[in-house]
**Q** 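Let me give you the structure first, and then I'll get to my questions.
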Amino acid sequence: MLEINVSGKKRSDLGKKAAKELRKEGMIPCNLYGEKKGENGAPEALSFVVPMSELRKVVYTPHIYIVNIDIEGEKHVAVLKELQFHPVTDALMHVDFFEVNETKPIAIGIPVNLVGLAQGVRDGGRMSLSIRKVVVKAPYKQIPEKLDIDVTAMTIGKSIKAGDLSFEGLEVVTPKDVVVCSIKMTRAAAAAAAAAAK
């Protein structure tokens, strides 16, 4: 997986008003969830802020990153957990990170990359990608940047489901019956097939 570095500062004032002031200054409030648990057993968050200029490269990208976070000298390795955007302006409001280590498996959505020219496309069908990411589970060091799926043998009317996929060292978490991609008959191909059948 690709890695990226961001630096942040601890945040003590956690109110909404303080968060609004921080955003005005170009800082985004963040939480880091990890192994640390509170008294009630729920994950305890470490609150910090990161300049928007540093987060932009993590948020506005098709890539999945391991994020090396430096919070005033404290080092953490994490992945993006959740992003909150303003409902009207679409501005980034808040980011949650999830701390990872080399041994504990994490579940994360990885972009799908279709490899090869499908037979069904050669025959006039149209390739349809139903989901852009497949969720897999593994220790983060084993997780690739993308999942290559060979579609060369696919014919018109055929689909590949999550249950058909297997990758070495990865457990596919996306439900088995979810369609990843399929080849649909186009009008032109249907007309050609009808003409050929006459």
Side-chain angles (χ1 to χ4, degrees), residues 1-6 28 30-38 40-48 50 55-69 75-85 90 92-118 120-121 126-155 157-184:
M1 276 175 88
L2 297 168
E3 295 196 17
I4 205 160
N5 301 318
V6 301
I28 302 297
C30 302
N31 283 333
L32 176 68
Y33 294 92
E35 304 291 318
K36 202 174 169 191
K37 299 276 195 291
N40 60 356
E44 204 168 272
L46 170 62
S47 296
F48 63 105
V50 176
L55 282 176
R56 193 169 271 119
K57 55 197 176 188
V58 186
V59 175
Y60 299 106
T61 173
H63 302 295
I64 306 293
Y65 284 106
I66 286 292
V67 188
N68 299 309
I69 307 171
K75 311 277 190 198
H76 301 272
V77 181
V79 290
L80 270 184
K81 186 170 180 259
E82 194 177 345
L83 300 168
Q84 286 176 18
F85 293 95
D90 227 18
L92 184 63
M93 303 279 287
H94 185 94
V95 180
D96 283 342
F97 290 96
F98 184 71
E99 193 160 12
V100 296
N101 61 44
E102 290 188 21
T103 55
K104 193 175 178 185
I106 58 165
I108 190 166
I110 302 296
V112 166
N113 179 45
L114 303 183
V115 178
L117 178 60
V121 173
R126 186 172 54 83
M127 177 65 77
S128 171
L129 185 62
S130 304
I131 55 171
R132 295 193 176 281
K133 291 179 181 176
V134 168
V135 180
V136 297
K137 192 174 185 180
Y140 81 87
K141 290 267 186 187
Q142 292 175 28
I143 293 176
E145 289 168 36
K146 59 185 193 300
L147 299 172
D148 289 333
I149 300 173
D150 186 356
V151 296
T152 317
M154 281 180 76
T155 53
K158 295 293 179 191
S159 63
I160 292 177
K161 294 182 178 179
D164 301 327
L165 303 175
S166 68
F167 304 96
E168 196 178 336
L170 304 178
E171 177 193 339
V172 177
V173 180
T174 297
K176 287 182 165 53
D177 56 352
V178 170
V179 173
V180 178
C181 62
S182 57
I183 298 184
K184 298 192 163 107

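Computed from a predicted structure; not experimentally measured.
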**Q** Tell me, do L2 and H63 make a side-chain contact under 4.5 Å, heavy atoms counted?
**A** yes
**Q** Would you name the heavy atoms of S159 and S182 that are closest together and state the gap between them?
**A** CB-CB, 3.6 Å
**Q** Please round to the nearest 0.5 Å and tell me the distance separating atom NZ of K81 and atom OH of Y33.
**A** 6.0 Å
**Q** Can you find a pair of side-chain heavy atoms, one from V67 and one from V79, that are under 4.5 Å apart?
**A** no
**Q** Calculate, to the nearest 0.5 Å, the distance between atoms CE and CG belonging to M154 and L117 respectively.
**A** 12.0 Å
**Q** Are side-chain heavy atoms of I66 and I4 found at a separation under 4.5 Å?
**A** no
**Q** Side-chain contact test, heavy atoms from C-beta onward, threshold under 4.5 Å: evaluate it for V50 versus V95 and give yes or no.
**A** no
**Q** Answer yes or no: is there a side-chain heavy-atom contact under 4.5 Å between V180 and K161?
**A** no
**Q** Could you list the donor-acceptor pairs under 3.5 angstrom formed between side-chain atoms of residues 129-146 and any protein atom two or more places apart in sequence or on another chain?
**A**
none

**Q** Determine the minimum heavy-atom distance between S47 and N31, stating which atoms define it.
**A** OG-OD1, 3.0 Å
**Q** With side chains defined as the heavy atoms from C-beta onward, is the minimum distance between F98 and L80 less than 4.5 Å?
**A** no
**Q** Output the distance between atom CD1 (I69) and atom SG (C30), rounded to the nearest 0.5 Å.
**A** 7.5 Å
**Q** Got a second to check how far L32's CG is from H76's NE2, nearest 0.5 Å?
**A** 5.5 Å
**Q** Is any side-chain heavy atom of V59 closer than 4.5 Å to a side-chain heavy atom of L92?
**A** yes
**Q** Find the distance between OH (Y65) and NZ (K57) and round it off to the nearest 0.5 Å.
**A** 9.0 Å
**Q** Please assess V112 against D148 for the test side-chain contact (heavy atoms from CB on, under 4.5 Å), listing each intermediate value before the final yes or no.
**A** CA-CA 6 Å; V112 166; D148 289 333; over 6 Å; no
**Q** Should K158 and I183 be marked as a side-chain contact (heavy atoms from CB on, under 4.5 Å) after you check the CA-CA gap, both sets of side-chain angles, and the distance that decides it?
**A** CA-CA 6 Å; K158 295 293 179 191; I183 298 184; 5.8 Å; no
**Q** If you measure from CD1 on I149 to CG on N113, what distance do you get to the nearest 0.5 Å?
**A** 8.5 Å
**Q** Would you say that C181 contacts L114 through its side chain, given a criterion of any heavy-atom pair below 4.5 Å between the two side chains?
**A** yes
